[in-house]
Novice: 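I'd like to ask you about the structure that follows.
Hydrogens, waters and symmetry mates are skipped; everything else that's a heavy atom, side chains included, is used. In each ligand, atom 1 is the first atom listed, and ligand 1 is the first ligand listed.
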Amino acid sequence: MSLRIHSLMGIQVLDSRGRPTVCARMTLSDGSVHKATVPSGASTGRHEAQELRDAGSPFSEKYFGGSSVYLAVANINNIIAPKLIGCQPDLLTVDTTLAKLDESTRHEILGANATLAISLVCAIAQAHAQQVTLARLFQPTGALTIPMPMVNILSGGAHAKGALDIQDVLVIAHGAQTIAEALSWISAIRERASQAGAARGFITNLVADEGGLGIPFSSTDEACAFVTDCITDVGLSLTSEVGLALDVAATQFFDQGNYISRSTGKVFSGDQWRDQIHSLLNNHPILSIEDPFAEDDWNQWAQFSQGLHRPVQVLGDDLFTTQATRLAKGVHEKSANSILIKPNQNGLVSKTHEVLLQAKAAGFTTVVSARSGESEDSWLSDLAVGWNAGQIKVGSTHGSERTAKWNRLLEIEATEESVFSKPF
Ligand code: 2PG
Ligand code: MG
């Protein structure tokens with residue numbers, strides 16, 4: 001018996017920052033209930049799919065200062081649901097319908113928060129109809145690949161009120177044999193960072209948006225040295241076991257061709273900033289560097305990626321915003337060698353998957369990523385596994401919206417035939 005969509009509605013719910021977001025709720029003809037909640041970023045790229053919020057709309061600004069999502073919810077209830085009720089929950093068909101209903105490139109008509117919520121809930125319901133997990137919807141047979149986690153230890157930038165110029169210092173436990181081992185090492189490093197920060201007089205029990213520590217270091221060098229000390233303090237090797245990753249999120253402090261340090265006020269030209277990034281790579285065991293340059297500073301990206309002194313993962317987030325055309329440009333110009341894959345930058349699950357496949361075909365590594373505003377959902381982990389992304393980034397080890405994703409990966413590792421990805 002093929003199942004049909006019996007009901008479909010949008011609900012305004014709260015994300016991990018206490019801001020409104022869209023949850024789609026679908027029931028099928030067997031009475032089963034499926035839900036998906038979309039995340040939301042703080043350091044958003046200009047080229048991302050557009051989430052629809054109510055500022056300036058006839059919807060009341062009485063609650064949430066205009067950031068409510070009643071318009072997106074209304075689009076689900078009034079425009080999308082009538083088209084899908086009675087249909088089978090089939091991701092490709094539903095995404096095609098959504099793309100036809102909103103032909104704008106960035107889903108600004110219906111809102112990418114509306115389209116992604118529907119696309120996701122449909123994938124989840126389809127997996128249910130086929131009696132498989134969401135991961136298995138994309139990879140029906142064979143050993144599943146658990147992605148290598150990239151985990152936030154220190155937060156700055158837009159996620160921690162500018163505690164650091166750059167947005168995140170993260171760690172990658174590339175020497176671990178399982179995700180369970182990787183997370184146990186990283187938890188120890190996170191704990192050590194908390195103790196060491198407290199010993200220096202910083203408040204470490206209040207955490208940033210993604211569960212990282214918002215310690216105000218005076219420079220990125222100092223922050224990197226602090227985290228590498230924490231790694232060795234807990235007895236892990238900086239060469240064979242754990243390395244660093246940075247999310248510079250440089251778009252946030254780029255202004256008219258210059259990179260401006262918020263902590264010192266110092267202004268760097270593009271070339272000077274590139275030298276700064278090279279020097280960070282020379283001085284610290286950094287395996288991956290995300291958004292070292294601003295989203296449209298293509299020239300610096302290409303010069304940097306082609307002038308690396310050693311192998312490093314050059315990861316485009318705001319640069320690519322999970323858009324096929326921007327990725328194609330980056331592949332052509334050799335701007336990077338890795339892409340961050342964020343479903344809500346794209347707005348549809350199947351199109352996000354296509355971008356990931358396009359990146360893999362170009363020899364790029366792929367890192368599936370959560371956003372700074374998240375929910376308790378864990379579909380992202382299933383997508384990362386089912387798509388064989390190789391890597392995943394969901395913030396720190398703190399906060400239930402983060403642990404929901406780690407715990408789902410631990411569950412998959414414990415219950416399915418799997419291998420642990422070794423991208424480094
Ligand atoms: C990023 C993400 C997640 P945000 O820049 O990679 O860390 O942040 O969701 O705020 O864009
Ligand atoms: Mg980023």
Novice: Any carboxylate oxygen within less than 4.0 angstrom of a Lys/Arg side-chain nitrogen, looking at E51 and R371?
Specialist: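 So E51 does not pair with R371 through a salt bridge.
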
Novice: Counting non-hydrogen protein atoms only, what is the nearest one to atom 6 (O) of ligand 1? Give residue, atom name and distance.
Specialist: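 That would be K393 NZ, 2.7 Å.
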
Novice: Which word best sums up how the rings of F254 and Y259 line up, parallel for under 30°, tilted for 30 to 60°, or perpendicular for over 60°?
Specialist: tilted

Novice: On the 0 to 90° scale, with breaks at 30° and 60°, tag the H309-H278 ring pair as parallel, tilted or perpendicular.
Specialist: parallel

Novice: Out of R371, K342, Q252, M150, whose heavy atom sits nearest atom 2 (C) of ligand 1?
Specialist: K342

Novice: How far is atom 3 (C) of ligand 1 from the closest protein heavy atom, and which atom is that?
Specialist: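 Here the nearest protein heavy atom works out to E210 OE2, 3.1 Å.
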
Novice: May I ask you to decide if the ring planes of W273 and F253 are parallel, tilted or perpendicular, using 30° and 60° as cut-offs?
Specialist: perpendicular

Novice: How close does the nearest protein non-hydrogen atom get to atom 4 (P) of ligand 1, and which residue and atom is it?
Specialist: S372 OG, 3.4 Å

Novice: Can K351 and D95 be counted as an ion pair, charged N to O under 4.0 angstrom?
Specialist: no

Novice: For the residue pair R106 / T321, report whether a side-chain donor-acceptor contact shorter than 3.5 Å exists.
Specialist: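 Short answer, no.
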
Novice: One residue to check: D247. Relative to ligand 1, which of side chain, backbone, both or neither has a non-hydrogen atom less than 4.0 Å away?
Specialist: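 D247 to ligand 1: side-chain contact only, backbone stays beyond 4.0 Å.
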
Novice: May I have all residue pairs that pass side-chain hydrogen bond (donor to acceptor under 3.5 Å, both in side chains) and include part of residues 170-181, sequence neighbours excluded?
Specialist: none

Novice: Can you confirm whether D296 sits close enough to R326 that some side-chain heavy atom of one is under 4.5 Å from a side-chain heavy atom of the other?
Specialist: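 They are in contact (side-chain heavy atoms under 4.5 Å apart), so the answer is yes.
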
Novice: Treating K422 as the side-chain partner and A176 as the backbone partner, does any N or O pair qualify as donor plus acceptor under 3.5 Å?
Specialist: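 Confirmed, K422 side chain pairs with A176 backbone.
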
Novice: Suppose the cut-off is 2.8 Å; how many protein N/O/S atoms fall inside it around the Mg ion (ligand 2)?
Specialist: 3

Novice: Show the atoms of ligand 1 that are less than 4.0 angstrom away from any heavy atom in D317.
Specialist: 1 (C), 5 (O), 6 (O)

Novice: Are any of the side-chain nitrogens in E290 or K342 under 4.0 Å away from the carboxylate oxygens of its partner?
Specialist: no

Novice: Decide whether an N or O pair under 3.5 Å exists between H159 and ligand 1.
Specialist: yes

Novice: Looking only at heavy atoms, is any part of L340 under 4.0 Å from ligand 1, and if so is it the side chain, the backbone, or both, or is it neither?
Specialist: side chain

Novice: Could you name the option among E48, Q345, Q167 that has the heavy atom nearest to atom 5 (O) of ligand 1?
Specialist: Q167

